[in-house]
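What follows is one structure encoded as structure tokens, with my remarks underneath.
Computed from a predicted structure; not experimentally measured. Per chain, numbering begins at 1; letters A, B, ... match sequence-line order.
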There are 2 protein chains.
Amino acid sequence: MKKVTIKDIANIAGVSISTVSRVLNGKGNVDPQLKERVLQVIKDTNFQPSSFARSFRKSSMQIDVVLSKWEEHYLRVLRGLTESLGEQQISVIPKTNLNNLGDFVVAIGEDFDDKLNASMTIGQELSSCSVVFDHFSTLNLIVSELLSKGIDSFAFLCEGLSNYRACKLYGAFMKIMFHHKIESYEIKMLNSKDPYDVAKELSILPGAILCSKDEIAAGVMKAFKDEGIKIPQQVSIIGYGNFSCGSLLGPSLSSVEYMNEETGRICGQYILKMINGEEIPKKIVLSTRLVKRESSL
Amino acid sequence: MKKVTIKDIANIAGVSISTVSRVLNGKGNVDPQLKERVLQVIKDTNFQPSSFARSFRKSSMQIDVVLSKWEEHYLRVLRGLTESLGEQQISVIPKTNLNNLGDFVVAIGEDFDDKLNASMTIGQELSSCSVVFDHFSTLNLIVSELLSKGIDSFAFLCEGLSNYRACKLYGAFMKIMFHHKIESYEIKMLNSKDPYDVAKELSILPGAILCSKDEIAAGVMKAFKDEGIKIPQQVSIIGYGNFSCGSLLGPSLSSVEYMNEETGRICGQYILKMINGEEIPKKIVLSTRLVKRESSL
DNA sequence: TTGTAAGCGTTATCAA
DNA sequence: TTGATAACGCTTACAA
């Protein structure tokens, strides 16, 4: 079953390939009768023009996207990218195999290394153009706010220090504790331990717990609920990532939002510039914000 | 800034384009010295072969995927597709714009109509090859199990009847009630009302509530918890879709699982067959299963 | 081992 | 209004 080409259509309809092409693209004038005939043949043969030949001819663009994990945040960025670049007729192709990547690669995630040689990295700083998030300002704002509400002891539950975001958050937390001269704070590295268990290992119950991931916050909340600890009256819980489950939890989870569709769209704009040969910043820092819900004062 | 092509490389390196091509593809023998020189030029010019020209030449394949919503379930199918087809060097391209689709289109979702003219539909039955889910068997199994545990009154909370899955579930529920001669049951159509509110409108508290979506189940659980109703002791709640939040809720949500990565992989296999011109079934029915957690007996 | 040249399916230019 | 034909960048017989 050979693939039907524009040539076949032309033969069957008894016209030239240029006529078929004109019908296909609606460009130029074609005799209505001929047009009808060509369209009929196209329908009969179920002909589909080769998208590759088209893209090739039009020298269109496509970019490959690799995700460090197939997770909600990353997918939301992917969506923004797909939408904004799709408007420019640029295809965005998610790749799960790192071996066979194309000319323009975007890496979304936190645990890539420079071997990947991406053209743009989102969520992490590598040698390419990097789009990262301002973890410090928002965290600082949160802590200031909590301080003003009389909360003076904190804990930071962190997944570990093996990824970019976790490191940055850790650094930000330390800096903020120092800056506000807060002495009562505790840091727990989970390193793949269950947050439910780690929550119970806290030496004292702090006024607020900041978590480096929403999943951790969810585990902590479960642990506290089981122990009868009131959230947020006794302890405020704040997650990171604003995953979609947050609003369904009881109490609903306050969380820092970052890396959403908007990010994808912004990156799409920069990619467009890169493609057009414009210079773009080596590092782009996007802001984050707290989505306040019931789990925190 | 013109795009660098294989021709440029050949010129600069002082060899023919076939030599460059050979270096690029590692096929055929090339004098090590020449090879070195070519590689150097490639690096210097930052040359990337045009993926379109390559795909075109090799007559590779790509398929477009449209999602009715950019939601977790659909994305998981997309992932399965991407992985399984990626192994065959077939690119999977998510599209958010329905106007400019390619030769092979896969539709994932529940509210498409036949205008789309997809080659394969997942989650819904259209004129093309359709991959759908067996909603009846699993629901029947669930009800039988609950009956055997002494539960004899049921409710079905449904988002409405405007999508394929909801209709099928509704039909299955009715059939099952009839089949088991269950007389105490209640059906609520949400039609975009808040499940939290609808839960409180139930005329009696049934022994088990089946929901057409996990999000509904989450809302119901929240309402019941606020009213001090014990789950699952007083009422079993079962969701549909097994979204990732389910395990984080308290109590964790029992839910029917369908449309996951596996589905994507299976569809990938069928797509491969279609591409190779093999006949495949017009309708493929995949099974679902209950993931039992704390919210149900 | 290297280079020449044909061809992939389409679009666009130009002449008829 | 139509049809020949060149061109897009790359791979691959085939010839040198």
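For the atom pair OG1 of A:T121 and CG of A:L116, the computed distance is 7.5 Å after rounding to the nearest 0.5 Å.
If you find the closest nucleotide of DNA chain D to A:P32 and to B:V20, the one lying nearer the 5' end belongs to A:P32. Place A:K7 and B:G14 on DNA chain C by their nearest nucleotides, and B:G14 ends up nearer the 5' end.
A donor-acceptor pair under 3.5 Å links the side-chain atoms of A:Q124 to the main chain of A:F112, judged by distance alone.
The aromatic rings of B:Y258 and B:H135 sit perpendicular to each other, their planes meeting at more than 60°, with 30° as the lower class boundary.
In this structure, A:K168 does not pair ionically with A:E110, as no charged nitrogen and carboxylate oxygen lie closer than 4.0 Å. Taking the charged nitrogens against the carboxylate oxygens, B:E261 and B:R265 have no contact shorter than 4.0 Å, which rules out a salt bridge.
As a whole-Å value, the separation of A:L34 CG from D:dT2 C1' is 8 Å. In this structure, B:Q33 places its CD atom 15 Å from C1' of C:dT2, rounding to the nearest Å.
Residue B:S18 places its side chain closer to D:dA13 than to any other of D:dG9, D:dA13, C:dT2. Picking from C:dG9, C:dT2, D:dT1 the nucleotide with the shortest atom distance to the side chain of B:V30 gives C:dT2. For B:R57, whose side chain is taken as the heavy atoms from C-beta onward, the closest listed nucleotide among C:dG9, D:dC10, D:dA13 is D:dC10. Distances were taken from every side-chain heavy atom of A:F56 (C-beta onward) to each of D:dC8, D:dG3, D:dT11; the shortest belongs to D:dC8.
Between B:K27 and the phosphate of D:dT12, there is a side-chain N or O to OP1/OP2 separation shorter than 4.0 Å. For C:dG9, the OP1/OP2 oxygens have no side-chain nitrogen or oxygen of A:R54 closer than 4.0 Å. Side-chain nitrogen and oxygen atoms of B:S16 include at least one within less than 4.0 Å of the OP1 or OP2 phosphate oxygen of C:dG3. Contact between the side-chain N/O atoms of A:N29 and the OP1/OP2 oxygens of D:dT2 is not found at any separation under 4.0 Å.
Between the side chain of A:T19 and the base of D:dT1 there is no donor-acceptor pair of N/O atoms closer than 3.5 Å. In terms of polar N and O atoms assigned as donor or acceptor, the side chain of B:R22 comes within less than 3.5 Å of the base of C:dG3 in a complementary pairing. The base of C:dA12 is not paired with the side chain of A:S21 by any donor and acceptor separated by under 3.5 Å.
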